[in-house]
2 protein chains.
Amino acid sequence: MNTTKKIIDNLRKKGYRITSQREKILEIFLHLPDEYHLSAEDLQIILLQNNVKISLATLYRTLKFLASNGLLRELDFGEDHKHYEYNSANKPHHHLICLSCGLTTEFNDEKLLNCAKDAALNLSNFQVLDYQFKIFGLCANCQGKIKA
Amino acid sequence: MNTTKKIIDNLRKKGYRITSQREKILEIFLHLPDEYHLSAEDLQIILLQNNVKISLATLYRTLKFLASNGLLRELDFGEDHKHYEYNSANKPHHHLICLSCGLTTEFNDEKLLNCAKDAALNLSNFQVLDYQFKIFGLCANCQGKIKA
DNA sequence: TTTCGTGCAAACCATTTGCAGCAGC
DNA sequence: GCTGCTGCAAATGGTTTGCACGAAA
């Protein structure tokens with residue numbers, strides 16, 4: 001059984017209905033390269049490119065639905081809209097955010113993640129479910145621009 | 001010369017005008033306990049409690065102004081509004097966010113910060129200006145509620 | 001006196017919501 | 001057939017903006 005099927009089966013077991021809209025949106029996230037984090041608008045564009053018409057209301061509702069079921073991770077890059085990425089356990093989900101052009105790239109650092117896990121263990125009275133690390137600065141391109 | 005005076009002097013040197021509104025808002029952040037991160041609404045309430053009337057427009061403009069001059073740090077806790085805290089170099093600025101009640105508390109972990117610094121150093125082609133670590137989960141109170 | 005900053009009200013824009021109809025099961 | 005999900009359009013709410021006036025330097 002492939003990933004999509006497994007996920008859908010799981011949602012059905014929880015009592016949710018599987019509509020074509022939910023399936024299409026899920027598929028898009030599953031087939032997205034690791035480094036992508038879509039905004040609602042990005043997602044709408046991709047859907048249109050695939051000739052899929054889903055209302056904005058449903059799109060937002062589905063994003064919230066998938067996120068609340070742990071399938072998507074909600075991200076905030078300091079912009080006025082949210083981004084979403086597929087929430088796989090082994091996917092890196094730490095980000096470099098360029099304060100000049102807004103470019104957001106992923107990074108992963110074994111040591112840092114281990115430190116984070118240790119730190120999380122030491123938190124008393126707090127049950128850790130997820131963590132995110134954000135580094136703000138200037139990307140290679142923008143460093144050049146500002147120097148010039 | 002105290003901190004406020006120093007900061008104001010610095011802003012004036014940059015060519016900005018020092019208005020009573022900017023001074024009042026800056027003072028509030030300087031006198032805030034470390035663990036506070038105000039939303040625009042919080043700030044408005046504090047201003048009113050101090051009998052200071054500042055329009056919402058100016059309030060937002062001043063927050064942006066102070067943040068763009070490195071005096072405030074802009075924070076995102078996954079809510080629909082931003083939070084701000086005074087941007088002191090030695091202030092911890094990493095957060096535990098309760099996914100159930102939204103309670104946000106600060107934490108600091110020497111080891112984790114050192115790891116973060118190391119990780120930042122290893123980033124090629126990226127000039128690090130700031131970083132934030134967020135841990136999502138359930139606070140002591142909400143763990144109880146959910147178990148019950 | 002010259003700008004810059006402020007207040008007001010209207011505009012913006014991402015996201016949410018009420019409701020009627022349709023689709024999953 | 002029951003009920004949850006969708007689409008539409010209107011509402012919401014935090015934040016931004018145009019403009020005329022007031023204040024900093």
Side-chain angles (χ1 to χ4, degrees), chain A residues 4-5 7-28 37-48 51-69 71-72 74-84 102 104, chain B residues 4-5 7-28 37-48 51-69 71-72 74-84 102 104:
Chain A
T4 313
K5 288 246 172 71
I7 292 173
I8 286 179
D9 213 57
N10 211 28
L11 288 175
R12 231 191 286 267
K13 265 183 206 145
K14 288 195 197 170
Y16 298 115
R17 292 184 184 174
I18 305 309
T19 62
S20 69
Q21 291 91 333
R22 289 180 172 179
E23 237 177 312
K24 287 274 167 49
I25 290 177
L26 183 57
E27 282 287 350
I28 286 177
H37 354 78
L38 305 183
S39 66
E41 201 190 336
D42 296 334
L43 177 56
Q44 198 186 24
I45 290 168
I46 293 178
L47 287 167
L48 287 176
N51 280 316
V52 179
K53 261 183 85 177
I54 296 181
S55 75
L56 259 186
T58 298
L59 194 155
Y60 279 110
R61 279 189 281 232
T62 305
L63 286 173
K64 275 218 173 312
F65 168 75
L66 294 175
S68 74
N69 279 283
L71 294 166
L72 298 183
E74 210 178 77
L75 304 169
D76 241 312
F77 297 144
E79 297 175 275
D80 54 353
H81 55 266
K82 287 175 179 154
H83 287 251
Y84 293 84
T104 300
Chain B
T4 314
K5 288 245 173 71
I7 291 173
I8 286 180
D9 213 56
N10 211 29
L11 288 175
R12 231 191 285 267
K13 265 184 204 145
K14 288 195 197 170
Y16 298 115
R17 294 184 183 173
I18 305 307
T19 63
S20 69
Q21 291 90 334
R22 288 180 173 180
E23 238 177 311
K24 288 273 166 51
I25 290 178
L26 183 56
E27 281 288 349
I28 286 177
H37 355 78
L38 305 183
S39 65
E41 201 190 337
D42 296 334
L43 178 56
Q44 198 186 24
I45 290 170
I46 293 178
L47 287 167
L48 287 177
N51 280 316
V52 179
K53 261 184 85 177
I54 296 180
S55 75
L56 259 187
T58 297
L59 194 156
Y60 279 110
R61 279 189 282 231
T62 304
L63 286 173
K64 274 216 172 314
F65 168 75
L66 294 174
S68 74
N69 279 282
L71 294 166
L72 298 182
E74 210 177 77
L75 305 169
D76 240 311
F77 297 144
E79 298 176 275
D80 53 354
H81 55 265
K82 287 177 179 152
H83 287 252
Y84 293 85
T104 300

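So you know, we letter chains A, B, ... as the sequences are listed, proteins then strands, and number each from 1. Just so it is clear, the model here is predicted, and its values are computed rather than measured.
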So, taking the atom named [atom1] in [X] and the one named [atom2] in [Y], what distance separates them when rounded to the nearest 0.5 Å?
{"X": "B:Leu26", "Y": "B:Leu11", "atom1": "CG", "atom2": "CG", "result": "7.5 Å"}
{"X": "B:Gln44", "Y": "B:Ile25", "atom1": "CD", "atom2": "CD1", "result": "10.0 Å"}
{"X": "A:His83", "Y": "A:Leu63", "atom1": "NE2", "atom2": "CG", "result": "12.0 Å"}
{"X": "B:Ile54", "Y": "B:Thr19", "atom1": "CD1", "atom2": "OG1", "result": "7.5 Å"}
{"X": "A:Lys53", "Y": "A:Leu47", "atom1": "NZ", "atom2": "CG", "result": "12.5 Å"}

Would you say [X] reaches [N]'s phosphate, i.e. side-chain N/O to OP1/OP2 under 4.0 Å?
{"X": "B:Tyr60", "N": "D:dT16", "answer": "no"}
{"X": "B:Lys64", "N": "D:dT15", "answer": "no"}
{"X": "A:Arg17", "N": "D:dT3", "answer": "no"}

Distance check needed: [N] [atom2] versus [X] [atom1], whole Å only.
{"X": "B:Ile18", "N": "C:dG5", "atom1": "CD1", "atom2": "C1'", "result": "11 Å"}
{"X": "B:Phe65", "N": "D:dT16", "atom1": "CZ", "atom2": "P", "result": "16 Å"}
{"X": "B:Lys13", "N": "D:dA25", "atom1": "NZ", "atom2": "P", "result": "14 Å"}
{"X": "A:Ile25", "N": "D:dG7", "atom1": "CD1", "atom2": "C1'", "result": "13 Å"}
{"X": "A:Asn69", "N": "D:dC5", "atom1": "CG", "atom2": "P", "result": "11 Å"}
{"X": "A:Glu79", "N": "D:dT16", "atom1": "CD", "atom2": "P", "result": "13 Å"}
{"X": "B:Leu26", "N": "C:dG5", "atom1": "CG", "atom2": "P", "result": "15 Å"}
{"X": "B:Tyr16", "N": "C:dT2", "atom1": "OH", "atom2": "P", "result": "23 Å"}

- Message: For a 4.5 angstrom cut-off between non-hydrogen side-chain atoms, does A:Thr58 reach A:Arg61?
- Response: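 Side-chain contact under 4.5 Å: yes.
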
- Query: Closest nucleotide of DNA chain D for B:Lys82 versus for A:Gly15: which of these residues is on the 5' side?
  - Reply: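 This one resolves to A:Gly15.
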
- Task: Go through the structure and list residues passing ring-ring contact (aromatic ring centres under 6.0 Å, His included) with A:Phe65, not counting sequence neighbours.
- Result: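 Once residues adjacent in sequence are excluded, the partners of A:Phe65 under the ring-ring contact (aromatic ring centres under 6.0 Å, His included) criterion are A:Tyr16.
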
Identify each atom pair where a protein N or O and an N or O of nucleotides 6-9 of chain C are less than 3.5 Å apart, giving names and distance.
from	atom 1	to	atom 2	distance (Å)
C:dT6	OP1	B:Thr19	OG1	2.8
C:dT6	O3'	B:Gln21	NE2	2.8
C:dG7	OP1	B:Gln21	NE2	3.2
C:dG7	OP2	B:Ser55	N	3.2
C:dG7	OP2	B:Ser55	OG	3.0
C:dG7	OP2	B:Thr58	OG1	2.5
C:dG7	N7	B:Arg61	NH2	2.8
C:dG7	O6	B:Arg61	NH2	3.2

- Message: Please determine whether salt bridge (Lys or Arg N to Asp or Glu O under 4.0 Å) holds for the pair A:Lys13 and A:Asp9, giving the CA-CA distance in whole Å, both sets of side-chain angles, and the decisive distance to 0.1 Å.
- Response: CA-CA 6 Å; A:Lys13 265 183 206 145; A:Asp9 213 57; 3.7 Å; yes

- Query: If we fit an axis to the first five pairs and another to the last five of the helix from C:dT1-D:dA25 to C:dC25-D:dG1, what angle do they make, to the nearest 10°?
  - Reply: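 Overall, the helix from C:dT1-D:dA25 to C:dC25-D:dG1 bends by 40° from one end axis to the other.
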
